[in-house]
Amino acid sequence: MVQLYNLHPFGSQQVVPCKLEPERFCGGGQDALFVAAGCKVEAFAVTGQELCQPRCAFSTLGRVLCLAYSEAGDSETLQLESDDFVICQKPMELLGEKSSQSGISVTLESTGLADEKTKYYHVQHLLYKRFAPDISSYVFSDDIKLHSLQLLPIYQTGSLTSGRKNLSQEKELLSLFCFFSLPHVGYLYMVVKSVELMSVYQYPEKSQQAVLTPQFLHVIASNNLQCFTVRCSAAAAREEDPYVDTTLKACPPVSMDVCALRIQLFIGLKAVCHFKNHLILLTKADPEAIPERRDSPKRLLSRKGTSGKLKAPPVAEAGWNLYIVDTISPVQLYKEMVDYSNTYKTAKTQSCIHLLSEAHLLVRAALMDAHQLEPGEKAELLEAFKESCGHLGDCYSRLVRLLGNLLEKPSRALRVGTSFPSLELAAKVVHMFHVAEPKQLPHILCSPSMKNINPLTAMSYLSKLDPSGFSSILVTLTKAAMALKMGDLDMHRNEMKRHPEMKLVCGFILEPRLLIQQRKGHIVPTELAAHLKDTQPGLLVASVLGLQKNNKIGIEEADSFFKVLCGKDEDIIPQLLVDLWEAQLIAGLPDVVLQELFFKLTSQYIWRLSKRQPPDTIPLRTSEDLINACSHYGLIYPWVNVLISSDSLADKSYTEDLSKLQSLLCGPSFDIASIIPFLEPLSEDSIAGLSVHVLCQTRLKEYEQCIDTLLERCPEAIIPYANHELKEENRTLWWKKLLPELCHRIKCGGEKGQLYLSSLKETLSVVAVDLELRDFLNVLPEDGTAAFFLPYLLYCSRKKSLT
């Protein structure tokens, strides 16, 4: 929907003194205008409000068919003739790389680039859109032919809050927009990370050409010049600062309705182009529109020689002009928009907010291009920017006062956010916001004070909202919540399927009260949160994590939320909360103390293992998932797996907890000493407990104690342990500790003798490689038989000769 206001974005008007009728024209550089007619090109200097001054003229070898100006590597704009398009039977839209399937070949053409630089450029497919006439509505093919196509880049120049600037000479692309227009409708897409439709422009009459600027869209029809607002600056601001839409940095959303600021009368408009704040307009009156000079009957009768033939009137020539129309300064137009908004203060709050939002975006767009501003202009714009924030705040506060007055009429005791309006009063509140500020409806319906709203009433108003745009996610989630209240599970499922999971997370970040509410200082999960716990636990955990990332909920509040939601006592930790802690570790939240999070997770893993207590729900992530996604979870050492596999009676219900604990202990970030006091409940009598204790001792470099423990409890793991741990400065333990221990245990005999013997052979192979013959003889036990050690002695004696 395009709303029409009657503002004055156009300022002074000049006539370009061309000698011939312009056929092609374009603006370029800082103040140059090029006009081509036939085989001649004229250049004019455009400075301020003075008459255009001719600069030079030059001839071309042939008729000029196309004229465009471009800086090296950069109303560049491409205007397409309708004959270049073939109208197919079926409309089609392909986004991103899929647009390469359109069958249209694209070739690169350098625009002033050095030859050696062109090899680094490549074609990236953004969008393919094909239009076809709707036969049922009898639309003529001329009405669906493209006439304008334009790419508009916005570069990073500086932050409004930090004053940061890009000091490098090369521009850094912040956002890129694609605009194209048909006679009756124009489309504006954002094509940065993904292709997204931002705005649709419905023209009041058939257009001939359109040009997009960072601040406005200018469209010409046969007899008027139209000026529309654009959302490029709001989208670019979100790219520069993702949190610009929060309450601290309020920026009107890109989904806000566009509006027509002005429809200015011009007779016979034929073409338009734009550069800086100049609009170049070609007007040409059709010959048949020029009235012919006719003599009166009196003069005809009084003429002599009536018998002669009357002289035929000369052929009428078309009258043309080339105009330069300057747009007024952003601050001047801003002030007019603010004054205009005052007329809607009491009667139409929505129009008042809309105009103030447009004024805010106008100033923001000018500041996005701050490098072209004089210091005085920038200071004036910054002052207007601060003022616009204040105006928006005042307007919203008036809305709150109106709501407060409405609530006070039935009962003085009622206050917003502290009590629950009755069914009838809640319906009045919703109706008022539907009329005054419909985009706020989802937020109003999520307020705890609106608990008594009839869900059918709420759903009827939500269904009337615009289904497109960024706010559609919030509308979808609010509908899903209302469908649950109605008991309509099918409608709930259909609403939740409208968007992918990550977009739903964004919706919960926009309105946390869809999941979490506070009553009398206590955390209260909503009905939607309880339903997601059973149906989409992964979405629930991801959403709470998103709230934490955006400072919408604290760490303790999140813990309390899951405990209340899962109905657990303070001492019992639900698996969903463990899932959240694991997600926090993966996400690396800046406000989370790492060692504290380690303590929470290891304590829970140890408690479950000691109690042989399986999780109450299926964990969202396996140990393998965590190892692959988070650097704090390390690969489990090979000897640990050998140790665990020796226990054939292991309880499979808690093996994931054991693997996660082992992985944390094998990771690079964990402070092992901090966990030792908490290992007491985990007995070494079980293989699971043994593996954890030996891991901790190993990380504390107590290798000799670990060797004794493994030789006693699990000899089959001793060689994998030694291969992994006894390296570099610990290499000497092979012959100083492990070899004597094995020889001693073999001598003592017992049921594990064969395991000790095989381990001894592996040990001797390593020792024989590392030591010289004399050293090897010195480490052998004195009571050993020569026959047993003979092969290794021979190997040591030959090793030196071989080298």
Side-chain angles (χ1 to χ4, degrees), residues 9-18 22-37 41-57 64 66-80 111-112 147-155 157 171 176-181 188 208-220 225-230 232-233 262 264 266 269-283 321-330 333 362 365-366 368-374 377:
F10 306 118
S12 61
Q13 175 180 309
Q14 309 170 48
V15 177
V16 182
C18 303
E23 296 176 358
R24 302 282 185 269
F25 55 91
C26 74
Q30 294 297 314
D31 60 352
L33 172 64
F34 300 94
V35 182
V41 177
E42 294 180 87
F44 298 90
V46 183
T47 54
Q49 299 181 5
E50 301 173 2
L51 187 68
C52 291
Q53 299 297 321
R55 274 188 171 178
C56 65
V64 177
C66 182
L67 190 65
Y69 177 88
S70 172
E71 294 180 6
D74 219 11
S75 315
E76 64 181 66
T77 302
L78 175 63
Q79 303 293 342
L80 297 176
T111 55
H147 60 58
S148 299
L149 171 64
Q150 188 174 344
L151 287 177
L152 176 71
I154 290 185
Y155 299 100
T157 56
K171 298 176 181 177
L176 182 64
F177 304 91
C178 177
F179 172 79
F180 52 88
S181 181
L188 179 62
Q208 298 179 170
Q209 198 178 344
V211 290
L212 179 70
T213 75
Q215 294 181 339
F216 303 110
L217 172 67
H218 299 289
V219 181
I220 59 169
L225 169 63
Q226 304 164 18
C227 177
F228 296 87
T229 57
V230 296
C232 298
S233 62
R262 182 78 175 179
Q264 182 77 39
F266 270 93
L269 282 170
K270 296 300 178 184
V272 62
C273 81
H274 170 272
F275 71 102
K276 288 188 69 177
N277 65 325
H278 307 298
L279 278 176
I280 316 300
L281 301 173
L282 172 63
T283 65
N321 273 311
L322 192 64
Y323 294 102
I324 294 182
V325 178
D326 293 336
T327 54
I328 66 173
S329 69
L333 182 55
L362 175 71
M368 291 291 288
D369 203 17
H371 67 283
Q372 292 188 355
L373 298 174
E374 298 294 330
E377 290 180 292

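The ring-ring contact (aromatic ring centres under 6.0 Å, His included) test applied to Phe44 returns no partner, not counting sequence neighbours. Residues satisfying the side-chain contact (heavy atoms from CB on, under 4.5 Å) test with Thr283, not counting sequence neighbours, are Phe266, Leu269, Asn321, Tyr323. Residues satisfying the side-chain contact (heavy atoms from CB on, under 4.5 Å) criterion with Ala36, sequence neighbours excluded, are Arg24, Val41, Val64, Leu67.
Contact annotation: the side chain of Pro54 never approaches that of Glu42 to less than 4.5 Å [non-hydrogen atoms, C-beta and beyond]. Phe275 has its side chain within reach of Val46: a pair of non-hydrogen atoms, C-beta onward, lies under 4.5 Å apart. Looking at Phe228 and Leu188, their side chains never come closer than 4.5 Å, going by heavy atoms from C-beta outward. The side-chain heavy atoms of His278 and Leu33, taken from C-beta on, include no pair separated by under 4.5 Å.
Atoms OG and CG, on Ser148 and Leu217 in that order, are 9.0 Å from each other to the nearest 0.5 Å. In this structure, the separation between CG on Asp326 and CG on Asn277 is 5.0 Å, given to the nearest 0.5 Å. Distance CD/Gln264 to CG/Leu279: 11.0 Å, rounded to 0.5 Å. Separating the NE2 atom in His218 from the CD1 atom in Ile280 is a distance of 11.0 Å, to the nearest 0.5 Å. Atom OG1 in Thr327 sits 14.0 Å away from atom CZ in Arg262 (nearest 0.5 Å). The distance from atom CZ of Phe177 to atom CD1 of Ile154, rounded to the nearest 0.5 Å, is 4.5 Å.
Shown here for Ala210 and Val219, the closest heavy-atom pair between the two residues is CB-CG2, 3.9 Å. Here the shortest heavy-atom pairing between Val35 and Pro22 reads CG1-CB, 3.6 Å. Shortest non-hydrogen contact noted between Leu281 and Leu225 is CD1-CD2, 3.9 Å. Taking both residues in full, the closest heavy atoms of Cys232 and Pro214 are given as CB-O, 4.2 Å, listed atom of the first, atom of the second, then distance. In terms of heavy atoms, Cys178 sits closest to Leu151 at CB-CD2, 3.8 Å. Of all heavy-atom pairs between Lys270 and Gln209, the closest is O-OE1, 4.1 Å.
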